[in-house]
Amino acid sequence: MQLLSNTLGRKVLMAVTGLFMLLFVVVHLLGNTSIFAGPGGINAYAAKLHGLGPFVWVFRIFMGAMLAVHVIFGILLTLENSAANPGKYAVKKMLKATFASETMIWTGLLLLCFLGYHLAQFTLRVTPDIIPAALAEKPGDVFSMVVASFRVRPISLAYIAAMVVLFLHLSHGIQSIFQTIGLSNDKALPQYERYGKLLSALFLLGYCSIPVLILAGIGVFAR
């Protein structure tokens with residue numbers, strides 16, 4: 001319980017839960033890239049996931065718990081830092097702040113909103129863009145569902161905007177994880193910052209490549 005009651009303990013929980021979500025971002029991107037193999041690729045991937053049955057729900061519950069802890073303590077730490085000494089905190093923050101670090105709470109909340117929409121779209125399949133064939137059975141024709149959705153320009157643009165927000169959040173968040181768990185020092189911190197930005201940029205390119213190529217009708221997405 002002491003881990004929850006002091007600032008350092010809460011930061012450690014933020015780092016640990018953030019690390020799990022970072023790993024999920026990696027795995028999710030790897031799974032998404034199966035769409036470049038055409039219908040057989042991502043549909044086979046979706047079928048394998050669906051075949052795992054209860055294990056998928058165990059994973060979802062675990063990740064939901066990690067997300068809840070991350071969000072709750074992220075908000076609490078932000079409020080505590082702001083309330084402790086607003087004037088002194090603001091001056092200290094501005095001395096070494098970047099846009100990504102200053103907006104962590106806001107990019108995090110925006111990502112939470114996007115996650116809700118994303119789950120409604122591709123997991124619950126209740127958004128208007130979902131084609132009827134995707135509702136007939138699960139996992140259904142995931143390739144056609146994704147392509148049909150991302151051919152709606154506003155949806156693709158909203159998805160790309162969300163990935164830019166993810167880039168901003170992770171470009172600071174990744175180095176914060178190493179710093180919080182004690183794997184960073186004055187010499188290593190700049191390297192972690194570079195690695196964080198590089199990895200975040202790779203995520204941005206990887207995730208955005210799907211709606212961009214679908215809109216452009218390139219390769220397996222040719223109309």
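Since we're looking at a predicted model, the values are computed, not measured.
- Across Met145 and Ile131, no two heavy atoms sit closer than the pair N-CD1, 4.0 Å.
- Residues Ile130 and Ser149 have side chains in contact (heavy-atom distance under 4.5 Å, counting atoms from C-beta outward).
- Leu119 and Leu109 fall within the same hydrophobic cluster, where Ile, Leu, Val, Met, Phe, Trp and Tyr residues are linked whenever their side-chain heavy atoms come under 4.5 Å apart, directly or through other members.
- Tracing side-chain contacts under 4.5 Å through hydrophobic residues (I, L, V, M, F, W, Y), one never reaches Ile210 starting from Val212; they form parts of separate clusters.
- Heavy atoms only, all atoms of each residue included: Pro211 and Tyr159 are closest at CG-CD2, 3.7 Å.
- Ile214 places none of its side-chain heavy atoms less than 4.5 Å from the side chain of Ser156.
- Note: Met21 CE to His169 NE2 = 7.0 Å, rounded to the nearest 0.5 Å.
- Cluster membership for Val25 and Val164, using ILVMFWY side-chain heavy atoms within less than 4.5 angstrom, is shared.
- Proximity of Phe114 to Val165: side-chain heavy atoms (C-beta onward) are nowhere separated by under 4.5 Å.
- In this structure, the side chains of Phe24 and Phe59 come closer than 4.5 Å at one or more pairs of heavy atoms.
- Using a 4.5 Å heavy-atom cutoff, the side chains of Thr127 and Tyr117 are in contact.
- For His70 (side chain) and Met14 (main-chain N/O), a donor-acceptor pair under 3.5 Å exists by modelled atom type.
- Between Tyr45 and Ser34, the shortest heavy-atom contact is CB-OG, 3.8 Å.
- Under the 4.5 Å side-chain criterion, counting only non-hydrogen atoms from C-beta, Gln175 is in contact with His172.
- Summarising the geometry, atom CG belonging to Leu13 is positioned 8.5 Å from atom CE belonging to Met66; distances are rounded to the nearest 0.5 Å.
- By the 30° and 60° cut-offs, the orientation of the rings of Phe143 relative to Phe221 is parallel.
- Closest of all the heavy-atom pairs between Leu215 and Arg153 is CD2-CA, 4.2 Å.
- Here the side chains of Arg194 and Leu198 are not in contact, with every heavy-atom distance at 4.5 Å or above.
- Under the 3.5 Å distance criterion, the side-chain polar atoms of Ser101 are matched with a main-chain donor or acceptor of Thr98.
- Taking both residues in full, the closest heavy atoms of Phe20 and Met63 are given as O-CE, 3.9 Å, listed atom of the first, atom of the second, then distance.
- A distance-only check finds a donor-acceptor pair linking the side chain of Thr107 to the backbone of Met104 [under 3.5 Å].
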Would you check, one step at a time, whether the test ring-ring contact (aromatic ring centres under 6.0 Å, His included) holds for Tyr195 with Phe178?
CA-CA 11 Å; Tyr195 295 151; Phe178 291 103; 8.5 Å; no
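- For the atom pair Leu19 CG and Ile174 CD1, the distance stands at 10.0 Å (nearest 0.5 Å).
- Between atom CG of residue Leu170 and atom CG of residue Leu202 there is a gap of 11.5 Å, rounded to the nearest 0.5 Å.
- A tilted orientation is assigned to the rings of Tyr207 and Phe203, their planes being inclined by 30° to 60°.
- When hydrophobic clusters are built by joining Ile, Leu, Val, Met, Phe, Trp and Tyr residues whose side-chain heavy atoms come closer than 4.5 Å, directly or via intermediates, Val126 is not grouped with Val142.
- Side-chain atoms of Asn43 never come within 3.5 Å of backbone atoms of Asp141 as a donor-acceptor pair (strictly under, hydrogens ignored).
- Of all the heavy atoms in Val69 and Thr17, the pair that sits closest is CG1-CG2, 3.8 Å.
- Here the straight-line distance linking atom CG of Leu111 with atom CG of Leu67 works out to 10.0 Å at 0.5 Å rounding.
- Using a 30° and 60° split on the angle between ring planes, Phe122 and Phe150 fall in the perpendicular class, above 60°.
- In this structure, CZ in Phe36 is found 10.5 Å from CD1 in Ile218, a value given to the nearest 0.5 Å.
- Using a distance-only test at 3.5 Å, with no hydrogens or angles considered, a donor-acceptor pair links the side chain of Ser200 to the main chain of Ser171.
- A 4.5 Å side-chain heavy-atom check between Ile155 and Gln121 finds at least one atom pair inside the cut-off.
- When hydrophobic clusters are built by joining Ile, Leu, Val, Met, Phe, Trp and Tyr residues whose side-chain heavy atoms come closer than 4.5 Å, directly or via intermediates, Ile35 is not grouped with Leu49.
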